[in-house]
Engineer: 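Dropping a structure here in structure tokens format, bear with me for questions.
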Protein chains: 2
Amino acid sequence: MSLSREVSRSVDFERPLVTVDVVIFTVVDDRLCVLLVRRPDDEDEPFPGRWALPGGFVDVQQDASLLACAQRKLRAKTGVASPYLEQLGSWGDAKRDPRGWSSTHAYFALIARPASQEAGRTPAEWLPLDQALRRRLAFDHNVLLNAAIERLRGKVEYTSLPAFLLPEPFTLPQLQRVYEVVLDRALDKSAFRKRMLDADYLDEAGPVTGDHGRPAMGYRLRERERATVFPRGFKSGE
Amino acid sequence: MSLSREVSRSVDFERPLVTVDVVIFTVVDDRLCVLLVRRPDDEDEPFPGRWALPGGFVDVQQDASLLACAQRKLRAKTGVASPYLEQLGSWGDAKRDPRGWSSTHAYFALIARPASQEAGRTPAEWLPLDQALRRRLAFDHNVLLNAAIERLRGKVEYTSLPAFLLPEPFTLPQLQRVYEVVLDRALDKSAFRKRMLDADYLDEAGPVTGDHGRPAMGYRLRERERATVFPRGFKSGE
DNA sequence: ACAATAGTGTCTGTAAGACAGTATTGG
DNA sequence: CCAATACTGTCTTACAGACACTATTGT
């Protein structure tokens, strides 16, 4: 450190541990799934052998920022480079990690189902949401997971988020199915299509032929950087 | 520390600095204001003499959690015990603090205008928003402030947040004025009143007499713990 | 009586949902 | 021609905004 002693003294507090965790969603066979990893069996580690969200310590040498750290962890587990990634919130207190006062910065990510089941070295698993919710995860990761689901369900009502869960090109019926899977209720076809097309966030990408019946128009996101916000939610007087 | 050496070795990373900052809003004379504090003039401190958001290091001895830390800082500056307080997000990178890799957990708070201008020891000032935005604040606090304003304006469209900016009991015309101040546009009286009363989140508290004209009904929040979310925003086809 | 403010009633346009209809493919 | 799926058109209804109206106070 090249700082003078006065400056470094002003920083001479006991510092909390700082981690980043990522809740990564995808859709497999019309089911919303989340990626979990197994913690090492080493008894000196906290929560040995338990399932947890992907994450870990911020590396001040390697990570330029929190976002970069989250992207690194996501890429290490999934190999996906351009996901939808947003900050979920932060959780920090004296008790959540047995090693000491710790705070985590949680992100949540939406990706299209990766071809390969495993990409990293640590055991990882795509688990349907209902099963993941029944597991007792490491740390306070059940709290984080619940927050992520709440955020996702909430935003799906009035944004284009589900489009990031599908590989391109996708059709409107496919997209509607994803909305219905996440929201766990049926949507009206006509209203749904009007919404999507009026929002003007999709580009046509030629017809896509399915197993039976009439082929559907394929679409791509015009912008993969941000989600589109619709003027209203589904079902006003819910 | 009562941990074994193996465990402490697994935590032997260089730890970032961890701070909490709070963006505190109130309304004074029909203007939205934010609380700023002056950083010490000591040349060994970063950004000496500059204005900044209230905040500082997490104290792992004193603060049980991030929220408790934010509440402590808010209370120290304003004396307010039961504000509206929500997490805004976190910002962390290698460059934002000259003392090293640092991450801050930002909160934003809404309070009724305190009677006393000053409550703490450090110089503090309620500054109208437009003036605050023109200042060059310490650290990345301009970014935090902008994020807070965006969040506030966004949520005011479809929540009861402005009610937390007024002392109770307040009248519907007063509340409407606050909405208009924050949104910086006029709202229709009839639609506004329907919205507020239909949402069923206010309790009548007897008539309140103003300077001129007919007295208005006073109201209190039925629940001060959380904001009410309206089924729709103002002005659908904006 | 009048100014000033609080509160209500009525009309209208918009847009989402319901649902039935048409279109296009493969077998 | 039929099954299966994609897509469109029309009707209805709910509700927010516009705006004019009534109500209640002080001077």
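If you're wondering where the values come from, they're calculated on a predicted model, not measured in any experiment.
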Engineer: If you restrict it to nitrogen or oxygen atoms, what contacts under 3.5 Å exist between nucleotides 9-13 of chain D and the protein, and what is each distance?
Structural biologist:
residue : atom : partner : partner atom : Å
dG9(D)  : O6   : S190(A) : OG           : 2.6

Engineer: Just how far, in rounded Å, is C1' of dA16(D) from CD of Q176(B)?
Structural biologist: 14 Å
Engineer: Could you grab the distance from atom OG of S65(B) to atom CZ of R72(B), nearest 0.5 Å is fine?
Structural biologist: 11.0 Å
Engineer: Please report the shortest heavy-atom distance between P162(A) and L175(A), naming the atom on each side.
Structural biologist: C-CD1, 4.0 Å
Engineer: Check this for me: E150(B), atom CD, are more than 12 non-hydrogen atoms of other residues, nucleotides or ligands nearer than 6.0 Å?
Structural biologist: no
Engineer: For residues 147-173 of chain A, which residue pairs qualify under ring pair (Phe, Tyr, Trp, His ring centres under 6.0 Å), counting only residues two or more places apart or in two chains?
Structural biologist: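 Applying ring pair (Phe, Tyr, Trp, His ring centres under 6.0 Å) to every pair that reaches into residues 147-173 of chain A, excluding sequence neighbours, yields Y84(A)-F164(A).
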Engineer: With rounding to the nearest 0.5 Å, note down the distance linking CG in L161(A) to CZ in R151(A).
Structural biologist: 9.5 Å
Engineer: Which pairs would a plain distance check flag for residues 201-213 of chain B, meaning a side-chain donor or acceptor within less than 3.5 Å of a matching protein atom at least two apart in sequence or in another chain?
Structural biologist:
residue : atom : partner : partner atom : Å
D203(B) : OD1  : R222(B) : NE           : 2.8
D203(B) : OD1  : R222(B) : NH2          : 2.8

Engineer: What distance separates S90(A) OG from H105(B) NE2, expressed to the nearest 0.5 Å?
Structural biologist: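 Output value for this atom pair is 4.5 Å.
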Engineer: Whole Å only: how far is the CZ atom of F234(B) from the P atom of dG17(D)?
Structural biologist: 7 Å
Engineer: In this structure, how many angstroms lie between the C1' atom of dA16(C) and the OH atom of Y158(A), rounded?
Structural biologist: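 So the OH-C1' distance, Y158(A) to dA16(C), works out to 19 Å.
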Engineer: Is R193(B) touching bases, backbone alone, or none of the nucleic acid, heavy atoms closer than 4.0 Å?
Structural biologist: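 If one applies the 4.0 Å heavy-atom cut-off, R193(B) turns out to touch a base.
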Engineer: Whole angstrom is fine here: how far is it from CG in L175(B) over to C1' in dT5(C)?
Structural biologist: 17 Å
Engineer: For F139(A), does the six-membered ring have the charged nitrogen or CZ of R39(A) within the cation-pi criterion, i.e. under 6.0 angstrom from the centroid and within 45° of the normal?
Structural biologist: no
Engineer: Which of residues 213-222 of chain B sit near DNA chain C, with a heavy atom under 4.0 Å from it?
Structural biologist: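 Only G213(B), R214(B), P215(B), A216(B), M217(B) qualify.
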Engineer: I need the CZ-P distance between F230(A) and dG17(C), as an integer number of Å.
Structural biologist: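 Roughly 12 Å, once rounded to whole Å.
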Engineer: Given atom CZ of F192(B) and atom C1' of dA16(D), what is their separation to the nearest angstrom?
Structural biologist: 14 Å
Engineer: Under a 4.0 Å heavy-atom cut-off, which of residues 196-206 of chain A touch DNA chain C?
Structural biologist: none
Engineer: Assess, by modelled atom type and distance only, whether the side chains of R96(A) and S102(A) contain a donor and an acceptor separated by less than 3.5 Å.
Structural biologist: yes
Engineer: What pairs of residues pass the salt bridge (charged side-chain N to carboxylate O under 4.0 Å, His left out) test when at least one of them lies in residues 129-138 of chain B, not counting sequence neighbours?
Structural biologist: E125(B)-R135(B)
Engineer: Can you tell me how far OH of Y179(A) sits from CD of E157(A), rounded to the nearest 0.5 angstrom?
Structural biologist: 10.0 Å
Engineer: Would you kindly give the NZ-to-P distance between K189(B) and dT10(C), to the nearest whole Å?
Structural biologist: 16 Å
Engineer: Between P on dG7(C) and CZ on R177(B), what's the gap in Å once rounded to a whole number?
Structural biologist: 11 Å
